[in-house]
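Note that the coordinates shown come from a computational prediction; the quantities given were computed from them, not determined experimentally.
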Amino acid sequence: MSVVCFVEQDAEGVIVDSSLRAVTFARMLSDQSGEEIVAVALSARARGSGGAGPGSLDGAGRNPAEGSLSEGVGQQGHEVLGAYGVGDVCLLVLPRTVGYAPRALATGLAQLAGAARASAVIAASTDHGNEVMAHLAALSHLPMVANCSEARRVGPTTLQLSRQRWGGSLIEDSVLEAAVALLTVATDEVAPVLAPAASEPAARTFTPELAETDIAVRAIESRDATSGVSLANAKVVVSGGRGIGGAEGFAAVEQLAGLLGGAVGVSRAVTSLGWRPHSEQVGQTGTRVSPDLYIACGISGAIQHLAGCQSAKVMVAINTDPQAPIMGRADYAVIGDVNAILPALVDALSQRSR
Amino acid sequence: MDILVCIKRVPMVGGRISLTPDGRGVDTEMLGFTMSPHEECAVEAAVRLVERDGGSVTALTLGPPEATDQLRDAIAVGANAAILLKTDGREWGPTATAAAITAVAEQHQAQTGRPYDLLLFGNEAADTGDYQVAVRVAHLLGHPCATGIKQLEVDVHGVHARREYRGVTELFELPLPAVLSVKEGINLPRYPSLPGRMRAKKAQIDEVDPEWQGDGLKLDGLRVPISERRQAAILGHGVEAVPALVDLLERLGVLS
Ligand SMILES: Cc1cc2nc3c(=O)[nH]c(=O)nc-3n(C[C@H](O)[C@H](O)[C@H](O)COP(=O)(O)OP(=O)(O)OC[C@H]3O[C@@H](n4cnc5c(N)ncnc54)[C@H](O)[C@@H]3O)c2cc1C
């Protein structure tokens, strides 16, 4: 028996942090049962070649060189997965022109899970993770549980689970009854933890049998030149809410963000009013940020907003209302009119740097 | 083009979330309700396509009788018809929800001889966040599907749907009929017009009584996570507080 874990890699082939969290979560189950963790990655050729002409099954996996370990997670990825307790690294080999094709991945995972007699298949709760697992669930007629933070086996086919609702503002405790548990992992809730003892995982490749429908929908990738500080990774985020009062008020928010080398964020009230683009929205239905410093200006602190900035190291609120919910989450606050305070702060900082 | 857009009624939770005494649901006594944000955008996307190319938008929701409010909201911004899959207040899991929606789509095809060209969903419901109803419906109907879409074009070749993932733009090309789930930000939903509101008030809403089925996941209870409850240290009031703010920024080491 085994626990299968789908792992993702970035453009350079490095295993992403959220997948290490998913592997850590998988250990909650495998530690309890003594099962082996099988990490499943997508072969580099499939990973990096999306859109190179129409995908076809002809020649799928015919080239023996295809799917060699060097195309997989690499030596470093192999060691990292071992350090997190993975016993077996399996490279999923797809036809070379396919790229990211969620249904093909799901079909591959289904075949692999069958061969490995998996008791659970796990992925990070990312766009790809959730999508692939949803296809796997539909293909295999099994339930799928998204955004899990805890799992404990209480019977041969029974798990006690905790999962997030409302983007993490609420926890659901439930019992899953399923021959194979299909779970995605709430990566903001599960920290990556090294295994007590590193293993030296075996390496192999697996070429699934695919039908045309499996590869019909696939991503054609293009990389855009992103400009400026990205909101998701910014060390400092200065966010404005409805309290800013209008689109013009964001000049001061931008200036402060600029002076602090940070990015501008906004609340949903602001995007709904059309003051700023949705790409700047922080929250449950926007971007999730975890900066060192989050400055919330004229933001009340609704749970859906906090769902996106909960993990900021330090939070400062500027608000006219000392009773606003944000005061229960912020570390520091200034009570008053943000449209007077921000320009004065920008002035003080500009003078200081002169 | 005929579009089915599936929406969910969720409570408008604000600053804090409170639970019912039995701990199995959100206490909604003091709350209003709304359509999930991703689905507001799905409705807007559907209405724009039909305004341009002609056809119809049917809004569908599975929920209690009160969910007709959200269907009327969809009609007020341009949907032409609405279907309520009426539940008895029990929570429906994604498997059962997908089966009920699929039955409606199949019945539509049986009656009109044509399938819905496009089925639109929100990427995930705001409350339960299951991330799978759209995909399950696609599999049941045998349609291609893509999720998390932030940009959408439809032409004679089919659907061109884009999203961002880890700094990469992913383009999916799908023939019609197709299933898509979209995310907030794909468009800025319009506000209802006065004539729209009038139309919504009078609109007829078709009702279906689907049969509930379990899907292996049983709820034990809900709880509010124990987050560090802080009380912000007040640095001061108004512009007087600016020097204290500068000091703080200095201490935090964010000033160059
Ligand atoms: C399903 C769902 C998903 C959602 N997703 C998100 C999301 O991703 N992100 C998000 O942000 N919201 C989201 N929301 C909306 C959320 O519930 C709130 O409505 C929203 O965050 C409120 O934005 P706000 O704080 O800017 O506005 P308000 O709640 O109106 O607060 C404005 C604040 O500004 C203060 N203020 C007013 N004037 C001044 C002034 N001159 N100076 C200083 N302070 C002032 C007020 O005291 C108040 O605290 C979602 C809602 C739902 C139902």
Side-chain angles (χ1 to χ4, degrees), chain A residues 10 100 127-128 130-131 134-135 137-139 143-147 165-167 169-178 216-217 219-224 226 236 260-261 274 278-279 285 293 300-303 314 317 325 327-337 340-341 344-345 348-349, chain B residues 13-17 37-38 93 95 126-132 135-136 139 144-148 163 165-174 184-185 188 215-225 229-239 241-242 245-246 248-249 252 254-256:
Chain A
D10 66 14
Y100 173 76
D127 286 353
H128 280 187
N130 282 320
E131 185 174 51
H135 279 281
L139 284 169
M144 160 197 162
V145 191
N147 269 318
R165 289 192 181 198
W166 283 101
S169 303
L170 200 59
I171 307 289
E172 167 190 330
D173 296 310
S174 38
V175 176
L176 174 68
E177 190 63 50
V217 177
I220 300 166
E221 297 182 356
S222 58
R223 236 157 278 269
D224 312 312
T226 40
V236 176
L260 302 178
H278 185 271
S279 55
T285 51
L293 173 63
S300 61
I303 60 158
V314 176
M327 298 300 169
R329 170 57 186 80
D331 304 276
Y332 302 95
V334 173
I335 310 300
D337 181 1
I341 295 164
L345 178 59
L349 293 179
Chain B
V13 184
R16 53 185 285 268
I17 205 160
H38 296 319
T95 306
D127 53 353
T128 51
D130 293 308
Y131 293 87
Q132 56 190 279
V135 177
R136 286 187 185 273
H139 278 253
C145 90
T147 68
R163 69 178 182 201
Y165 190 62
R166 297 192 197 287
V168 172
T169 302
E170 297 182 327
L171 165 66
F172 295 92
E173 313 246 40
L174 288 69
E184 190 179 51
L188 187 57
D215 62 1
L217 190 67
K218 270 204 217 76
L219 178 74
D220 261 355
L222 302 174
R223 60 195 154 89
V224 179
R229 184 93 200 140
R230 313 171 200 207
Q231 193 50 60
I234 308 290
L235 294 174
H237 289 73
V239 289
V242 166
L245 260 177
V246 175
L248 174 68
L249 296 177
L252 293 173
V254 291
L255 297 180
S256 44

Is there a side-chain contact between A/S169 and B/V13 in this structure, where contact means two heavy atoms from C-beta onward sitting under 4.5 Å apart? no
Flag the one option from A/G336, A/P143, A/A317 with the top tally of heavy-atom pairs under 4.5 Å to chain B. A/P143
Applying a strict 4.5 Å limit to non-hydrogen atoms, the region of B/L217 in contact with chain A is both
Heavy-atom distance under 4.5 Å to chain B: side chain of A/V314, backbone, both or neither? side chain
With heavy-atom distances below 4.5 Å as the criterion, would you say the side chains of A/I335 and A/M327 are in contact? yes
Would you mind telling me which of B/L248, B/T169, B/V242 has the largest number of heavy-atom pairs within less than 4.5 Å of chain A? B/T169
Most contacts with chain B, counted as non-hydrogen pairs under 4.5 angstrom, among A/I303, A/D173, A/D331, A/L260: A/D173
Checking B/Y165 against A/E131 for the side chain to side chain donor-acceptor pair (under 3.5 Å) test, could you report, in this order, the C-alpha distance in whole Å, the side-chain angles of both residues, the deciding distance, and whether it holds? CA-CA 12 Å; B/Y165 190 62; A/E131 185 174 51; over 6 Å; no
Using every non-hydrogen atom in the two residues, find where A/T285 and B/E184 come nearest and quote the distance to one decimal. OG1-OE1, 2.8 Å
Greatest number of heavy atom pairs closer than 4.5 Å to chain A - which of B/L235, B/D215, B/V246: B/L235
What part of B/R163 is in contact with chain A, defined as an atom under 4.5 angstrom from a non-hydrogen atom: side chain, backbone, both or neither? side chain
Non-hydrogen atoms of chain B under 4.5 Å away: do they reach the side chain of A/V236, the backbone, both or neither? side chain
Given a strict heavy-atom distance threshold of 4.5 Å, which part of A/A178 is in contact with chain B: side chain, backbone, both, or neither? neither
Give the member of B/A146, B/P144, B/C145, B/G148 that has the highest number of heavy-atom pairs under 4.5 Å with chain A. B/C145
Please name the pair of heavy atoms, one in A/S174 and one in B/L219, separated by the smallest distance, quoted to 0.1 Å. CB-CA, 3.8 Å
Is B/Y131 close to A/N147 at the side-chain level, that is, under 4.5 Å between some pair of heavy atoms? yes
Can you tell me which portion of A/S222 sits under 4.5 Å from chain B's heavy atoms? Options are side chain, backbone, both or neither. both
B/L252, part contacting chain A, at a heavy-atom distance under 4.5 Å: side chain
Where A/A333 and B/A232 come nearest, the two heavy atoms and their spacing: CB-CB, 3.8 Å
Can you tell me which of B/Q132, B/R223, B/H237, B/R136 forms the most heavy-atom pairs within a distance under 4.5 Å of chain A? B/R223
With side chains defined as the heavy atoms from C-beta onward, is the minimum distance between B/L188 and A/H278 less than 4.5 Å? no
Looking only at heavy atoms and a cut-off of under 4.5 Å, which of B/A233, B/G185, B/G15 has the most pairs with chain A? B/A233
Do you know which of A/L139, A/I171, A/N130 has the most heavy-atom pairs with chain B at a distance under 4.5 angstrom? A/I171
Between B/R166 and A/D10 (salt bridge meaning N to carboxylate O under 4.0 Å), is one present in this structure? no
Under a 4.5 Å heavy-atom cut-off, does chain A meet the side chain of B/L174, its backbone, both or neither? side chain
Bottom line for A/L293: the part with an atom under 4.5 Å from chain B's heavy atoms is side chain
Considering only heavy atoms from C-beta outward, does the side chain of A/R165 approach that of B/I17 to under 4.5 Å? no
Can you tell me how far apart OH (A/Y100) and CD (B/E170) are? Round to the nearest 0.5 Å. 6.5 Å
